[in-house]
Amino acid sequence: MLTKLPVKIILATLIFLTGFSGCAAYDIWTYAQTSELVKADAAIVLGTAVWGDEPSPVLRERINHSIWLYENDYVDKIIFTGGKTNGSELAEAVVSKNYAMAHGIPEENIYIEDRSMVTIENFRFVSEIAELYELSDFLVVSDPLHMKRAIQMAEDTGFEAFTSPTTTSEYNSLTSIVPFFFREVGAYVAYTLSFGD
């Protein structure tokens with residue numbers, strides 16, 4: 001009896017994780033199609049890799065989307081996030097700010113959070129900016145498949161957040177979408193089960 005119990009527990013755990021992961025995969029895939037274009041105080045642009053002093057193609061499209069939101073009066077401010085990752089000399093937020101300013105966004109309408117290493121930290125550090133400048137609602141900008149986890153993290157941090165995925169994501173082919181999708185499923189399941197701890 002004692003030897004069978006661990007096997008049953010392991011089996012039950014595997015069944016649970018498989019079912020939960022399947023539901024998560026469905027939620028991530030369907031949520032990627034959601035875009036809530038509402039008027040908000042600011043756009044929060046989630047950082048990702050930079051190449052020297054230039055945004056990577058993935059980050060560039062996130063920035064471009066935030067510029068579009070600003071130019072079309074959906075937001076009054078843009079908050080760029082991300083610290084120094086992968087040995088880069090400049091923080092992702094700084095590179096993003098420089099790119100946005102070069103494309104016509106006034107410096108006074110840009111805030112940066114340049115300490116975060118992961119998505120949940122993006123929101124935790126942005127909360128300090130939100131409090132300082134009395135910003136209350138936000139459009140979250142990232143790639144479509146990242147949006148489910150990003151919005152969950154934003155809400156868990158206390159934000160009133162709406163989804164605004166890039167319409168020109170670099171994840172646009174089968175070879176790029178599939179690995180990114182499965183990484184997101186794993187990350188979302190891990191975050192949900194740990195609630196970000």
**Q** How close do G47 and T81 get, heavy atom to heavy atom, and via which atoms?
**A**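 Closest heavy-atom pair between G47 and T81: N-OG1, 3.0 Å.
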**Q** Side chain to side chain contact (heavy atoms under 4.5 Å, CB included) with M147: which of T34, L46, V140?
**A**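 Only match with M147 under side chain to side chain contact (heavy atoms under 4.5 Å, CB included): V140.
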**Q** If we check side chain to side chain contact (heavy atoms under 4.5 Å, CB included) with V38, which of these qualifies: L139, D137, V75?
**A**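 Filter result, single survivor: L139.
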**Q** With no hydrogens and no angle check, is any side-chain donor or acceptor of S176 less than 3.5 Å from a backbone partner on S173?
**A**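 A pair under 3.5 Å: yes.
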**Q** Working to the nearest 0.5 angstrom, can you tell me the gap between I44 CD1 and I78 CD1?
**A**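 Reported value, rounded in 0.5 Å steps: 12.0 Å.
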**Q** Can you tell me if L132 has over 12 outside heavy atoms packed within less than 6.0 Å of its CG?
**A**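 Yes, because the 6.0 Å sphere around CG of L132 holds more than 12 heavy atoms from other groups.
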**Q** Between R149 and E184, does at least one N-O distance fall below 4.0 Å, as a salt bridge requires?
**A**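 A salt bridge is present here (some side-chain N lies under 4.0 Å from a carboxylate O).
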**Q** Given the rule in the side chain to side chain contact (heavy atoms under 4.5 Å, CB included) test, do T119 and N122 qualify, once you have shown the distances and angles that lead to the verdict?
**A** CA-CA 5 Å; T119 304; N122 293 156; 4.2 Å; yes
**Q** Between T30 and Q33, does any side-chain donor sit less than 3.5 Å from a side-chain acceptor?
**A**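 Judged by distance alone, the side chains do not pair up.
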**Q** Compare all side-chain heavy atoms of S35 with those of P165 and state whether any distance is below 4.5 angstrom.
**A**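 Touching, per the 4.5 Å side-chain cut-off.
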**Q** Set out, in order, the CA-CA distance, both residues' side-chain angles and the distance that settles side chain to side chain contact (heavy atoms under 4.5 Å, CB included) for E113 and E121, then state yes or no.
**A** CA-CA 10 Å; E113 169 288 293; E121 290 182 349; over 6 Å; no
**Q** Looking only at atom types and distance, does a side-chain atom of T157 sit under 3.5 Å from a main-chain N or O of F159, one as donor and one as acceptor?
**A**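 No, the answer is negative, given that no donor and acceptor are paired below the 3.5 Å cut-off.
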**Q** Determine the interplanar angle of the Y111 and Y133 rings, folded into 0 to 90°, and report it as parallel if under 30°, tilted if 30 to 60°, perpendicular if over 60°.
**A**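 Plane angle under 30°, so parallel.
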**Q** What are the two closest non-hydrogen atoms of I177 and Y171, and how far apart are they?
**A**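 Closest pair (atom of I177, atom of Y171, distance): CG1-O, 3.4 Å.
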**Q** Could you walk me through whether Y99 and L59 pass the side chain to side chain contact (heavy atoms under 4.5 Å, CB included) test, one step at a time?
**A** CA-CA 10 Å; Y99 180 95; L59 181 56; over 6 Å; no
**Q** Who pairs with R183 by salt bridge (Lys or Arg N to Asp or Glu O under 4.0 Å), at least two apart in sequence or on another chain?
**A**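 Counting only residues at least two positions away or on another chain, R183 forms no salt bridge (Lys or Arg N to Asp or Glu O under 4.0 Å).
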**Q** Cation over ring, K148 on Y31, under 6.0 Å and within 45°?
**A**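 K148 over Y31 ring: yes.
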**Q** Is the distance between the ring centroids of F138 and F162 under 6.0 Å?
**A**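 Centroid distance F138-F162: not below 6.0 Å, so no.
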**Q** Does a salt bridge link K84 with E92, judged by any charged N lying under 4.0 Å from a carboxylate O?
**A**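 Salt bridge between K84 and E92, a charged N being under 4.0 Å from a carboxylate O: no.
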**Q** Taking everything shown except E107 itself, do over 12 heavy atoms lie less than 6.0 Å from its CD?
**A**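 No, because the 6.0 Å sphere around CD of E107 holds 12 heavy atoms or fewer from other groups.
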**Q** Decide, yes or no, whether a salt bridge links R115 with E128 under the criterion of side-chain N to carboxylate O below 4.0 Å.
**A**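 So R115 pairs with E128 through a salt bridge.
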**Q** So among F181, F182, Y188, which one has a ring-ring contact (aromatic ring centres under 6.0 Å, His included) with W29?
**A**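 Going through the options one by one, the only one that passes is F181.
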**Q** Would you check, one step at a time, whether the test side chain to side chain contact (heavy atoms under 4.5 Å, CB included) holds for D156 with F123?
**A** CA-CA 9 Å; D156 290 344; F123 294 111; over 6 Å; no
**Q** Give every residue pair that meets the salt bridge (charged side-chain N to carboxylate O under 4.0 Å, His left out) criterion with at least one member in residues 32-56, sequence neighbours excluded.
**A**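 Applying salt bridge (charged side-chain N to carboxylate O under 4.0 Å, His left out) to every pair that reaches into residues 32-56, excluding sequence neighbours, yields K39-D76.
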**Q** Under 3.5 Å, is there a donor-acceptor pair linking the side chains of S164 and H65?
**A**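 Per modelled atom types, S164 and H65 side chains form a pair under 3.5 Å.
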